[in-house]
Each structure stands twice: as C-alpha cells, then as structure tokens.
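Following: one structure in structure tokens, then a few remarks.
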Amino acid sequence: MTSSIQTVTDATQIADEPAHEARLMTHSYDGIREYDNPLPGWWRMIFAGSIAFAAAYGFYFHVANWGETPDQHYKAQLADYESKRDVRARAEAANITEASLANAAADPRTVEHGAQLFQTRCVSCHADHAQGLIGPNLTDLRQIHGTTRMDLFQTIQNGAPGTAMIAWGEQIAPADLMSLAAYVSTLRGTNVPGKEPQGEPVEKFSTP
C-alpha cells in the first residue's frame with residue numbers, strides 16, 4: 001500500500017489550524033511562526049495615560065504657563081527671601097546693644113568663636129594678631145570709626161566706604177557679627193607692635 005504525500009502550504013495550514021491556534025501570525029521565517037500576543041489591556045491603558053499626562057503637563061507648564069515648575073517655584077521663594085534680608089538684619093541688629101556686646105566680650109565661648117571668625121575673615125587686612133596690615137592696628141588705643149563697641153559692630157556690619165573694609169553684614173549672620181565685634185573689642189589696649197596708630201585716642205574697654 002502506497003501512502004500519499006500531501007504538500008501543505010502555509011496558507012492551507014493556517015486555514016486548517018484549530019481555534020486555539022488562530023492567533024498565529026501569517027508570516028513565517030525559516031519555518032518559525034510568531035504568536036500574536038498583545039500586551040494586556042491594563043498595561044496599554046497605563047501607557048496611553050502616561051502619554052496623555054505628559055502632553056497635558058507640557059502644555060500646562062511650558063506652553064500655557066499656567067503653573068510653576070519646581071525650578072521656578074524655588075527661584076520665586078529665593079527672591080522673596082532675599083527681598084526680606086534687610087528687614088531681618090535690622091530686626092536682629094536691634095537686639096544688639098552696647099551692654100549685650102560687653103556681656104558677649106566677657107563670655108569665653110563667644111570670644112573664642114569671634115577669634116575663629118577673625119582668623120578666617122580678617123587676617124588678610126589686619127594680620128594674624130590684629131596688628132594691622134592693609135587695615136589699622138586693632139590692638140592700640142586708637143579707633144578710626146567711633147569709640148564704642150557698637151561703633152565696632154556697625155563698622156564690621158556695614159563696612160567703611162572708600163576703604164578695603166567691606167560690609168560683612170552681607171556675608172555673616174548677626175550672631176557671628178556680634179561674636180566678631182566682641183572679640184575685636186577685647187583686643188583694644190593689648191598693644192601688639194605693628195602698624196602705626198590711626199584714628200582718635202580711645203580708652204580700653206572695661207569688663208562688665
């Protein structure tokens with residue numbers, strides 16, 4: 001008995017496939033068939049929703065300019081903070097008096113902190129022992145701007161126009177300015193040899 005050999009084309013094979021294989025793709029590569037397995041509906045909905053959200057976000061923030069981006073919000077907050085700097089500085093400086101500076105000068109920890117600030121901020125002009133370099137000698141019994149501790153504080157805070165003395169109040173917090181002024185006040189009358197005397201004669205500060 002001779003068996004017949006039947007040649008089946010891809011088209012005939014696909015047509016004769018059972019229902020559960022109906023999702024096979026029609027094309028074939030080297031005899032390999034591809035199964036049509038689409039992504040789940042929930043995944044496609046999330047993907048489509050992401051595209052819609054991105055489009056709406058771009059329009060809202062970058063086309064219509066209806067909202068602030070995080071960067072814009074930060075810049076607005078920073079501008080508001082900077083605009084109130086002078087108000088804060090005046091309010092904090094209002095709490096600093098001649099008496100509070102004298103008490104600070106009697107506090108070893110405050111003076112030590114002021115000395116550290118002096119070494120990092122002031123030695124380039126006043127030298128390491130405050131004997132004067134570009135700026136005046138802070139250890140003699142002379143003072144160019146005023147005579148009191150408050151005069152020292154205000155000179156440090158606001159600077160001295162026309163000189164190398166900058167306004168440290170723009171860079172240093174009021175509490176640090178107070179420590180620095182308290183430390184400088186303790187130097188008066190220590191008479192470290194250095195730059196020639198400048199300013200008007202003053203007396204050494206008394207301790208509380």
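The figures here come from the full heavy-atom set of this structure, side chains too, leaving out hydrogens, waters and symmetry mates.
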### Query
Around Gln171, counting heavy atoms of other residues, nucleotides and ligands shown, do more than 12 lie under 6.0 Å from its CD?
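It does: Gln171 CD has more than 12 such atoms within range.
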### Query
Who are the side chain to side chain contact (heavy atoms under 4.5 Å, CB included) partners of Gln72, not counting sequence neighbours?
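With neighbours one apart ignored, the set is Glu68, Thr69.
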### Query
Listed by chain and number, what are the side chain to side chain contact (heavy atoms under 4.5 Å, CB included) partners of Gln198, not counting sequence neighbours?
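For Gln198 the side chain to side chain contact (heavy atoms under 4.5 Å, CB included) partners, ignoring immediate neighbours, are Pro136, Ile144, Lys195.
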Using atom types as modelled and distance alone, determine if a side-chain donor or acceptor of [X] lies under 3.5 Å from a backbone N or O of [Y].
X      : Y      : value
Glu170 : Trp168 : no
Asn103 : Ser100 : no
Asn158 : Gly169 : no
Asp140 : Arg142 : yes

### Query
In the single-linkage hydrophobic clustering (I, L, V, M, F, W, Y; side-chain heavy atoms under 4.5 Å), do Met165 and Ile172 co-cluster?
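In one cluster with Met165: Ile172, yes.
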### Query
Out of curiosity, does Leu180 fall in the hydrophobic cluster containing Val192 (side-chain heavy atoms, cut-off under 4.5 Å, transitive links)?
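Result: no, two separate clusters.
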Atom [atom1] in [X], atom [atom2] in [Y]: separation rounded to 0.5 Å?
X      : Y      : atom1 : atom2 : answer
Arg121 : Ile156 : CZ    : CD1   : 12.5 Å
Leu138 : Cys122 : CG    : SG    : 8.0 Å
His73  : Asp71  : NE2   : CG    : 11.5 Å
Arg149 : Leu152 : CZ    : CG    : 9.0 Å

Taking all non-hydrogen atoms of both residues into account, name the closest pair between [X] and [Y] and its distance.
X      : Y      : answer
Val123 : Leu133 : O-CD2, 4.4 Å
Ala130 : Leu187 : CB-CD1, 3.5 Å
Gln157 : Leu177 : CG-CD1, 3.9 Å
Leu141 : Gly189 : CD2-CA, 3.7 Å
Met178 : Phe153 : N-CE1, 3.8 Å
Ser28  : Arg33  : CB-CD, 3.8 Å

### Task
Quick one: which residue pairs count as a side chain to side chain donor-acceptor pair (under 3.5 Å) with a foot in residues 183-192, not counting sequence neighbours?
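Listed by first then second residue: Gln143-Arg188.
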### Task
Please tell me if the side chains of Asp151 and His145 come closer than 4.5 Å, counting only heavy atoms from C-beta onward.
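SC-SC contact between Asp151 and His145 ruled out.
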What pairs of donor and acceptor atoms, side-chain ones from residues 111-120 against any protein atom, are under 3.5 angstrom apart with sequence neighbours left out?
from: His113; atom 1: NE2; to: Asp176; atom 2: OD1; distance (Å): 2.7
from: Gln119; atom 1: NE2; to: Asp128; atom 2: O; distance (Å): 3.0
from: Thr120; atom 1: OG1; to: Gln116; atom 2: O; distance (Å): 3.3
from: Thr120; atom 1: OG1; to: Leu117; atom 2: O; distance (Å): 3.0

Could you pull out all donor-acceptor pairs under 3.5 Å where a side-chain atom in residues 41-58 meets a protein atom, sequence neighbours excluded?
from: Arg44; atom 1: NE; to: Leu39; atom 2: O; distance (Å): 3.2
from: Ser50; atom 1: OG; to: Ile46; atom 2: O; distance (Å): 2.9

#### Entry: salt bridge (charged side-chain N to carboxylate O under 4.0 Å, His left out) involving Lys204 - partner list, sequence neighbours excluded
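Partners of Lys204 by the salt bridge (charged side-chain N to carboxylate O under 4.0 Å, His left out) criterion come out as none, since no residue qualifies.
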